[in-house]
Amino acid sequence: MANPIDTLADQILHDHISKQEAVKSFASLPEEGKQKLISILRQNLPGFGAVPETEDASSNRPPVLKAIDQRDLADSHREFIRNLSAEYERRVPTSKANVMKYQDRFVDQRRPFHLIKELKDLHFQLSYRNAEGAHVWDADGNRYVDISGDMGVNIFGHKPPFLVEAIKQALDRGIPLAGYSKATFEAAKLFCEITGHERMLFTQSGTESVMWAVRIARAATQRKKIVLFEESYHGLSDVVLAAHDDAGRSYSVVPGVLQEFAEQIIVLEYGNMQHLDLIEERAGEIACVLVEPVQSRHPYRKPVEFLHEVRKLTLEKDIVLIFDEMITGFRVCSKGAQGHFGIQADLATYGKIPGGGMPTGIVAGLSKYMDLVDGGSWNFGDGSMPKAKRTSVAGTHTQNPLKVAAVLATLTEIKNRCSDEGGCDSCDCFQKDLNRKTKELAEELNGFFTARRLPVTIDYFGSLFRFRFLNSYWGITEALFFLLLRMNGVETNIQGNCFLTTAHGEEDILTVIRGVQDSLVKLLDAGFFAEAPVVPEPQGAKVVPAQAQAPRPEHVQVKVARSLTEEQVALLRNLIKADLQGFQKGKG
Ligand code: PMP
């Protein structure tokens, strides 16, 4: 008798079935069945589920255990959670009490983020007392090795003396906002010198930087649409918040963001070369392509060739290419992802690291675009005037002296610690050392995960890294892992990005390694990882980017070509792609 998965795959491949039917059948399959079906569809449908170029450390792993989720909880698991809650409560009572006491007044969208009902008693942010070097202390005096990296801001550790000194001195001079300071000019000059951009302006946050960069691009091109990529993050402004449905139409994903705004955004798959055709076809409408070169949520995706193609195409079509370097900027190397990949964007957005912890953003790029903000250069004593065509970009705290002092001090430190000889590849900079430390940490722990058959992997890029639970997305086991990690003296950020800084010494890194190992062993012992049935991969089903796929075996090509018209293939893809992708994304 035919295997039911093969039968279903065959039906999908040969018959026109409704979305409902396809999705219902898919949903009713056991997990391994879903994986197998996806593999068969990938094998038979050109381009189906193609993924960008990856260095996914988990892809060659032997079969692993499976993290249990909320539905699998037995009494013993519940008891483990009860005991943990009691211990946690004893450890961080002030943080918990603060949240309860002030929640009527204090609003923060992170509070319910990733909330799992069964772990509600354990789900709250810590209140911090102070931070120094690689450590942070909570309101109850517990010390943690901080790998939250302050969401990517922190590269020199907390309170580096050069930064404290610069901000204190600026404070002593007062905080006048209307005029310029010497530091404003010096910071701008140094920023351009390090990054290679022609001109720069300060903003108040990363979100604002992206908003202004897109505005400049629209003003320059007089076009409306912007292209961005699935699973990228560019802040939460109305300019960038959209998802796309199976037919490629953009829709608003956040209540309060107008559908009319979403319709100006074309959302494409990151790394999919075929989607570049769409940019080419609609070039006349597109003001800019906005790229998060290495998505912080997927640090293993580094679609270098794709990025080079995007650069080529945007130059050809006079579309402004914007690199969002909020996290990659100054982290992977002093010239950011642009230096790392050897691609110069027209505009780039920054924040985080250069601000040294003060609220900062930066937009930088070619003079021909930046001049649209202030009219460019002109002289005194002659007839020259600013360029007439200008857009509006400003803010009260744009050049706040405390922040400017922090930027100047941080950039000076970066410059002093980077030889800048021979560009990003060969220069002897502090980031290299930091990147190496991160790689070693990731490799050591990935080795541990493999040896213990744990469904966890660390993805990393530069000194950014993330724990990724395979075949699960924020299930109870993952949530407990991060809580246990905290109880082992390691602080992370609920959003998932982790970072090393120059302040992390060997002892700190050992604390992280031991903390991760201990937390996972505790969960193993308590039965939070179960044996998962082994699913044999159908031959040839290894996932490779569509553009890199080897010619398909003759019989498969004939089967698809004869049985399905191109229209049917497209329809089928549209029918189930969103759901399958949701499954893939959700499950790892
Ligand atoms: N772009 C990227 C790539 C980011 O990572 C972030 C913040 N994490 C932003 C934009 C928004 O920056 P901010 O939170 O400073 O507004």
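Ligands are counted one by one from 1 in listed order, and the atoms in each one are counted from 1 as well.
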Quiz item: With distance as the sole test, does Tyr369 use its side chain to make a donor-acceptor pair with the main-chain N or O of Val320 at under 3.5 Å?
Solution: no
Quiz item: When you measure from atom 3 (C) of ligand 1 to every protein heavy atom, which one gives the shortest distance, and what is it?
Solution: Tyr233 O, 3.1 Å
Quiz item: Which atoms of ligand 1 are found less than 4.0 Å from any heavy atom of Ile327?
Solution: 5 (O)
Self-check item: Ring center gap for His340 and Phe461 short of 6.0 angstrom
Solution: yes
Exercise. Around atom 15 (O) of ligand 1, find the nearest protein heavy atom and jot down its residue, atom name and distance.
Key: Gly206 N, 2.9 Å
Quiz item: Short list, please: which atoms of ligand 1 are under 4.0 Å from a heavy atom of Gly235?
Solution: 9 (C), 10 (C), 11 (C)
Quiz item: When you look for heavy atoms under 4.0 Å from ligand 1, do you find them on the side chain of His234, its backbone, both, or neither?
Solution: backbone
Self-check item: The one among Glu325, Lys352, Met211 that brings a heavy atom closest to atom 8 (N) of ligand 1
Solution: Lys352
Self-check item: Whether Glu292 lies under 4.0 Å from ligand 1, heavy atom
Solution: yes
Exercise. Count the heavy atoms belonging to other residues, nucleotides or ligands that lie under 6.0 Å from CD of Gln109, then report whether that count exceeds 12.
Key: no
Quiz item: Just wondering, more than 12 heavy atoms not from Phe430 lying within 6.0 Å of its CZ?
Solution: yes
Exercise. For residues Phe465 and Tyr460, establish whether the separation of their ring centroids is below 6.0 Å.
Key: no
Quiz item: Is it the case that Arg297 places NZ or CZ above or below the six-membered ring of Tyr233, under 6.0 angstrom from the centre and within 45 degrees of the axis?
Solution: yes
Quiz prompt | atom 14 (O) of ligand 1 [closest protein heavy-atom partner, distance rounded to 0.1 Å] | solution = Thr207 OG1, 4.3 Å
Practice problem: Determine, using ring centers only, whether Phe306 and Phe229 are less than 6.0 Å apart. | Solution: yes
Exercise. Around atom 1 (N) of ligand 1, find the nearest protein heavy atom and jot down its residue, atom name and distance.
Key: Asp324 OD2, 2.6 Å
